[in-house]
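In this text, all values refer to a predicted model and were calculated from it rather than measured experimentally. FYI, side chains are in, hydrogens and waters are out, and symmetry mates aren't considered; it's all heavy atoms of this structure.
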Amino acid sequence: MPRGNDPGQGGPHASAGALATWFARTGRALPWRRPPAPGPGPHGWGVLVSEFMLQQTPVDRVIPAWTAWMDRWPQPTDLAADSPAEAIRAWGRLGYPRRAKRLHEASVVIVERHDGLVPDVHEHLLALPGVGEYTAGAVRAFAYGQPGLALDTNVRRVLARHDRGLPDALGSVTVEERRRAAELMPPADGEGAAWMAALMELGALVCTSRSPRCDACPIADSCAWLALGRPAGEARRRQAAYDGSDRQARGALLAVLRASDAPVTQRALDLAWPDAIQRARALDGLVADGLVVPAARGRWSLPA
DNA sequence: AAATCGTGGCC
DNA sequence: TGGCCAAGATT
């Protein structure tokens, strides 16, 4: 019986070997990246924190924030014992501060329902605030070595190109993408998780969105997209303008709250954003998200 | 299911 | 310079 995961041999797991070799040699030593261990265990927390921070924030900006975070709250119980306000402050300018609030909420659930250890059961992970399909699969794979599917933007792009000859995977993850990824994942114990990590790293370092370096790609030989001459695809939806947006307004207001230990006056918020209508809308949104709460004497504060 | 949600760096 | 992109989740 041929093993089927040697490069150039064909079959569903072709090129897995070349990819693994490349990852072992080229993969970055990111601080949250450690050999997986069967869980649930204390090592799950660092991975969970990293995945929250990496939801739409680049690795380079996450590294220092992750280090400081883990230094301050080494386990879920440490974060759960602190206030959401402190989590939101420590989040700083990583963006999307709801993630900080949800990570704090998740730590509380982990303490109350999972003995203070990040769970390794998919449904339990999915039930945590701020954890979706991707993050649940990533924790299972990267923390616990399970064959969890972690179809992030990198993995989806690599598979779209290599497997389907498409320039990228647009829209949300499809059933067919999941089916195919599960089919391609090496079946051997523990190899699925390593494969996910390698694919993701390949998308981050080589098979990038803008200028893919196919000359440095370990699986270029079998890449359908390269064989087709790297055809271009349709453009994505344009991102909404940020300048002058409600998001910028929310950011400006929250920055004031983060910088103050005491509740801030309405006046202080007025100074942070000129347009009164938009300011009110932004504040409403922040309150609805639980990121800001009314305090005494008409002031505002982060959630205690 | 399309829109919303921060921030910064790169070409 | 400004559009594009970045380990998504939620409603």
Next on the checklist: If I take atom CZ in residue A/R98 and atom P in nucleotide B/dA3, what distance separates them, rounded to the nearest angstrom?
Outcome noted: 16 Å
Next on the checklist: I'd like the C1' distance from B/dG6 over to C/dA6, given in whole Å.
Outcome noted: 12 Å
Checklist entry - Pick one: which of A/R156, A/R236, A/R161 meets salt bridge (charged side-chain N to carboxylate O under 4.0 Å, His left out) with A/D168? => result A/R236
Checklist entry - When the distance from CZ of A/R157 to C1' of C/dC4 is rounded to whole Å, what number comes out? => result 13 Å
Next on the checklist: Nearest whole Å is fine: how far is B/dC10 C1' from A/Y242 OH?
Outcome noted: 18 Å
Checklist outcome for this item: Assign each of A/E201 and A/R238 the nucleotide of DNA chain C bearing its closest heavy atom; nearer the 5' end lies the nucleotide of A/R238
Checklist entry - Can A/E201 and A/T26 be counted as having a side-chain donor-acceptor contact under 3.5 angstrom? => result no
Next on the checklist: By the 4.0 Å heavy-atom rule, please label A/R258 as base, sugar-phosphate, or nothing.
Outcome noted: sugar-phosphate
Next on the checklist: Just to be sure I understand the rule, does A/R210 reach a base, reach only the sugar-phosphate, or reach nothing, if contact means heavy atoms closer than 4.0 Å?
Outcome noted: base
Item to check | Between A/Q55 and A/Y134: side-chain donor-acceptor atoms closer than 3.5 Å | outcome: no
Next on the checklist: Taking any heavy-atom pair under 4.0 Å as a contact, classify A/L199: base, sugar-phosphate, or nothing.
Outcome noted: nothing
Checklist entry - Just how far, in rounded Å, is C1' of C/dT10 from CZ of A/R247? => result 13 Å
Checklist outcome for this item: Here the pair of heavy atoms bringing A/A150 nearest to A/G137 is CB-C, 4.2 Å
Checklist entry - Does A/R61 get its side chain close enough to the base of B/dT7, under 3.5 Å, for a donor-acceptor pair? => result yes
Item to check | For atom CD of A/E177 and atom C1' of C/dG8, their distance in whole Å | outcome: 14 Å
Next on the checklist: Need one value for A/R156: base, sugar-phosphate or nothing, where a base atom within 4.0 Å counts as base even if backbone is also close, heavy atoms only.
Outcome noted: nothing
Checklist entry - Can you find a side chain N or O atom of A/R102 that sits less than 4.0 Å from OP1 or OP2 on B/dC5? => result no
Item to check | Short side-chain N/O contact from A/Y96 to OP1 or OP2 of C/dG8, under 4.0 Å | outcome: no
Checklist entry - Whole Å only: how far is the CH2 atom of A/W195 from the P atom of C/dA7? => result 17 Å
Next on the checklist: Taking only the P atom of each, what is the distance from B/dA2 to C/dA7 in whole angstrom?
Outcome noted: 23 Å
Checklist entry - P atom, B/dC5 versus C/dG2: distance in rounded Å? => result 23 Å
Next on the checklist: Can you measure A/Q239 atom CD to B/dG8 atom P for me and round it to whole angstrom units?
Outcome noted: 14 Å
Next on the checklist: Taking any heavy-atom pair under 4.0 Å as a contact, classify A/F142: base, sugar-phosphate, or nothing.
Outcome noted: nothing
Checklist entry - Hey, is the side chain of A/Q56 poking within less than 4.0 Å of OP1 or OP2 on C/dA6, counting only N and O atoms? => result no
Checklist entry - Rounded to the nearest 0.5 Å, what separation is found between the CH2 atom of A/W45 and the CG atom of A/L117? => result 11.5 Å
Next on the checklist: Check the phosphate of B/dC5 against A/R99, side-chain N and O only, distance under 4.0 Å to OP1 or OP2. Yes or no?
Outcome noted: no
Checklist entry - Whole Å only: how far is the CH2 atom of A/W66 from the P atom of C/dA7? => result 18 Å
Checklist entry - Of the nucleotides C/dC5, B/dG6, C/dG8, which has the atom closest to the A/R236 side chain? => result C/dC5
Next on the checklist: Do A/L257 and A/I88 have side chains that approach each other closer than 4.5 Å (heavy atoms only, starting at C-beta)?
Outcome noted: no
Checklist entry - Would you call A/R179 and A/E176 a salt bridge, using N to O less than 4.0 angstrom? => result yes
Checklist entry - Within the structure shown, what part of the strands sits under 4.0 Å from A/L94 by heavy-atom distance: base, sugar-phosphate, or nothing? => result base
Next on the checklist: Counting the atoms with a prime plus P, OP1 and OP2 as sugar-phosphate, which does A/S50 contact under 4.0 Å by heavy atoms, base, sugar-phosphate, or nothing?
Outcome noted: nothing
Checklist entry - Touch check for A/W32, heavy atoms < 4.0 angstrom, all strands: base, sugar-phosphate only, or nothing? => result base
Next on the checklist: Closest-nucleotide mapping onto DNA chain B: is A/T57 or A/S211 further toward the 5' terminus? I mean the 5' end.
Outcome noted: A/T57
Next on the checklist: Any base atoms under 4.0 Å from A/G95, or only sugar-phosphate, or nothing? Heavy atoms, all strands.
Outcome noted: base
Item to check | 5′-ward residue of the pair A/T153/A/R237 relative to DNA chain C | outcome: A/R237
Next on the checklist: Please classify the nucleic acid contact of A/V155 as base, sugar-phosphate, or nothing, using heavy-atom distances under 4.0 Å.
Outcome noted: nothing
Next on the checklist: Any base atoms under 4.0 Å from A/S245, or only sugar-phosphate, or nothing? Heavy atoms, all strands.
Outcome noted: nothing
Next on the checklist: If the cut-off is 4.0 Å, is A/R93 near the phosphate of B/dG8, judged by side-chain N/O to OP1 or OP2?
Outcome noted: yes
